[in-house]
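Here the structure is a predicted model, which means the values were calculated and not measured. Below, chain A is the first sequence line, B the second, and so on; all start at residue 1.
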Amino acid sequence: MPELPEVEVTRQGITPHLLNQTVSALVVRNASLRWPVPQVAQNIVGQTITHIRRRAKYLLIETQAGITIIHLGMSGSLRILPASTPIEKHDHIDMLLANGQVLRFNDPRRFGAWLWYELPEENHPLLARLGPEPLSEAFNPLQLQQAIANKKKAIKLCLMDNHIVVGVGNIYANEALFAAGIHPQTPAAKVDIARLTVLVTEVKRILALAIKQGGTTLKDFTNADGKPGYFAQKLHVYGRGGQTCTHCGNLLSEIKLGQRTTVFCGRCQTR
DNA sequence: ACTACAACCTGGGGGC
DNA sequence: TGCCCCCAGGTTGTAG
């Protein structure tokens, strides 16, 4: 489920339930995630949660002793529930709180991650080399232009490259390129600064709107309270290959780019 | 260094 | 119903 908006919606949902709470136990039913859940993840037990932050699509649950790093992968989700709630299929991890609540991690495909780190998180190998946050000032037309100055690969692949900008996955890359009128296959370095300026604006606008709408619910995304998101109603191209362009009525094209389905309007997205 | 793409998993949907 | 194939929100690791 998660691109940046879905992760941010999750963060906002779990934060009030976790902040200043003490962890009473960590129950790992299935440690086979993207990487094995390490034994040291248990170091959070007895700790009090001081901050819940997000970097790219990683959630960081901070304590004095260290940070739990969570990634939802393709199909992960986090819920806040009473600890007595029955376990369902793919409920792999429970972080039990002293107040009787539980943070429950469910992930059918197990592409997600649950890690523990005791140094400043900017040093963590997974986080150290990430590009700027898309909703920050650090992501701007000049930064983007410099980052892709020598890139021959498609602009869409660059938009989805975590070294260039984080948090833009397949849904929002398709949507932002449509909104900016840029053909997804255009070699990145050939997109002029005027177009890049529009692209940056659209990425920020679309991500912010998706967060406000509670994320995009495609199959089963729900926030920490079990409620769906409503951004799917605003999608112009993603999942609409072969249907008509909402702007010009042209039939939308569908191709593969970097193994990912790419939908665009050949008339509106020129370059 | 850049680019391409296989791999990690499960489940749902379509075709036969 | 059942089987087989393809597809899916992400990211790393490897090979060229």
Can you tell me how far P in dT12(C) sits from the matching atom in dG11(B), rounded to whole Å? 25 Å
dC8(B) C1' sits how many Å from His92(A) NE2, rounded? 13 Å
Mapping Gly258(A) and Arg129(A) onto DNA chain B by nearest heavy atom, which one lands closer to the 5' end? Arg129(A)
Where the side chain of Lys153(A) is defined as all heavy atoms beyond and including C-beta, which of dA4(B), dC2(B), dT10(B) is the nearest nucleotide? dA4(B)
Please state how far atom CD1 in Ile171(A) lies from atom P in dG9(C), giving the value in whole angstrom units. 7 Å
Could you run down the sub-3.5 Å N/O contacts of the protein with nucleotides 2-6 of chain C?
none

Check each of Asp94(A), Leu72(A), Val28(A), Asp91(A) against Phe105(A) using the side-chain contact (heavy atoms from CB on, under 4.5 Å) test, and report the only one that passes. Leu72(A)
Between the base of dC9(B) and the side chain of Arg109(A), is there a donor and acceptor pair under 3.5 angstrom? yes
Whole-Å C1' distance, dG9(C) and dT3(B): 24 Å
Ignoring the backbone of Lys57(A), work out which of dG9(C), dC8(B), dT11(C) is nearest its side chain. dT11(C)
Would you please confirm or rule out a distance under 4.0 Å between OP1 or OP2 of dG11(B) and any side-chain N or O of Lys89(A)? yes
So, does Arg260(A) get its side chain near the phosphate of dG9(C), meaning an N or O under 4.0 Å from OP1 or OP2? yes
Side-chain N or O of Lys152(A) closer than 4.0 Å to phosphate OP1/OP2 of dC2(B): no
Give one of base, sugar-phosphate or nothing for Tyr58(A), where a contact means two heavy atoms less than 4.0 Å apart. sugar-phosphate
Has His71(A) got a side-chain N or O lying under 4.0 Å from the OP1 or OP2 atom of dT11(C)? yes
Think Tyr238(A) has a side-chain N or O under 4.0 angstrom from the OP1 or OP2 of dG9(C)? yes
Is the shortest distance from a Lys or Arg side-chain nitrogen in Glu121(A) or Arg53(A) to a carboxylate oxygen in the other one below 4.0 Å? yes
Nearest-0.5 Å distance, CD1 of residue Ile211(A) to CG of residue Leu4(A): 5.5 Å
To the side chain of Phe111(A), which of dG11(B), dC8(B), dT12(C) is closest? dC8(B)
According to a hydrophobic-cluster definition based on side-chain heavy atoms being under 4.5 Å apart (Ile, Leu, Val, Met, Phe, Trp, Tyr only), do Leu252(A) and Leu257(A) belong together? no
Tell me which nucleotide, if any, is Watson-Crick or G-U wobble paired with dG9(C) when both distances must be under 3.5 Å. none
For nucleotides 13-16 of chain C, give me every protein contact, N/O to N/O, under 3.5 Å, one pair per line with atom names.
none

Taking the P atom of each, how far is dC9(B) from dC3(C), in whole Å? 23 Å
For Asn174(A) and dG9(C), what is the distance between atoms CG and C1' respectively, to the nearest whole Å? 12 Å
Using a distance-only criterion (donor-acceptor N/O pair, under 3.5 Å, no hydrogens), is the base of dA6(B) paired with the side chain of Gln259(A)? yes
Minimum heavy-atom distance between Ala176(A) and Val203(A), given as atom pair plus value: CB-CG2, 3.7 Å
On DNA chain B, does the nearest nucleotide to Leu157(A) precede the nearest nucleotide to His90(A) from the 5' side, or the other way round? Give the residue. Leu157(A)
Please give, in whole Å, the distance from dT12(C) P to Arg110(A) CZ? 19 Å
How many Å lie between CG on Asp161(A) and P on dC5(B), as a whole number? 16 Å
What is the distance from CG of Asn162(A) to P of dT12(C), rounded to the nearest Å? 7 Å
Exactly one of Lys204(A), Lys57(A), Arg55(A) clears salt bridge (charged side-chain N to carboxylate O under 4.0 Å, His left out) with Glu133(A), and that residue is Arg55(A)
Output the rounded distance in Å from CD1 (Ile69(A)) to P (dT11(C)). 14 Å
Are Lys153(A) and Asp161(A) close enough for a salt bridge, meaning some N to O gap below 4.0 Å? yes
Across every strand shown, the nucleotide meeting Watson-Crick or G-U wobble geometry with dC9(B) (both distances under 3.5 Å) is none
With a 4.5 Å limit on heavy-atom distance, are the side chains of Phe111(A) and Ser75(A) in contact? no
Rounded to the nearest 0.5 angstrom, the CG-OG1 distance for Asn170(A) and Thr262(A) is 6.0 Å
Are Tyr172(A) and Phe264(A) linked, directly or through other ILVMFWY residues, by side chains that come within less than 4.5 angstrom of each other? no
Examine Ile44(A) and Val40(A) and state if one hydrophobic cluster contains both, with Ile, Leu, Val, Met, Phe, Trp and Tyr joined whenever side-chain heavy atoms are less than 4.5 Å apart. yes
Rounded off to whole Å, could you give me the CG-to-P distance for the Leu72(A) and dG10(C) pair? 11 Å
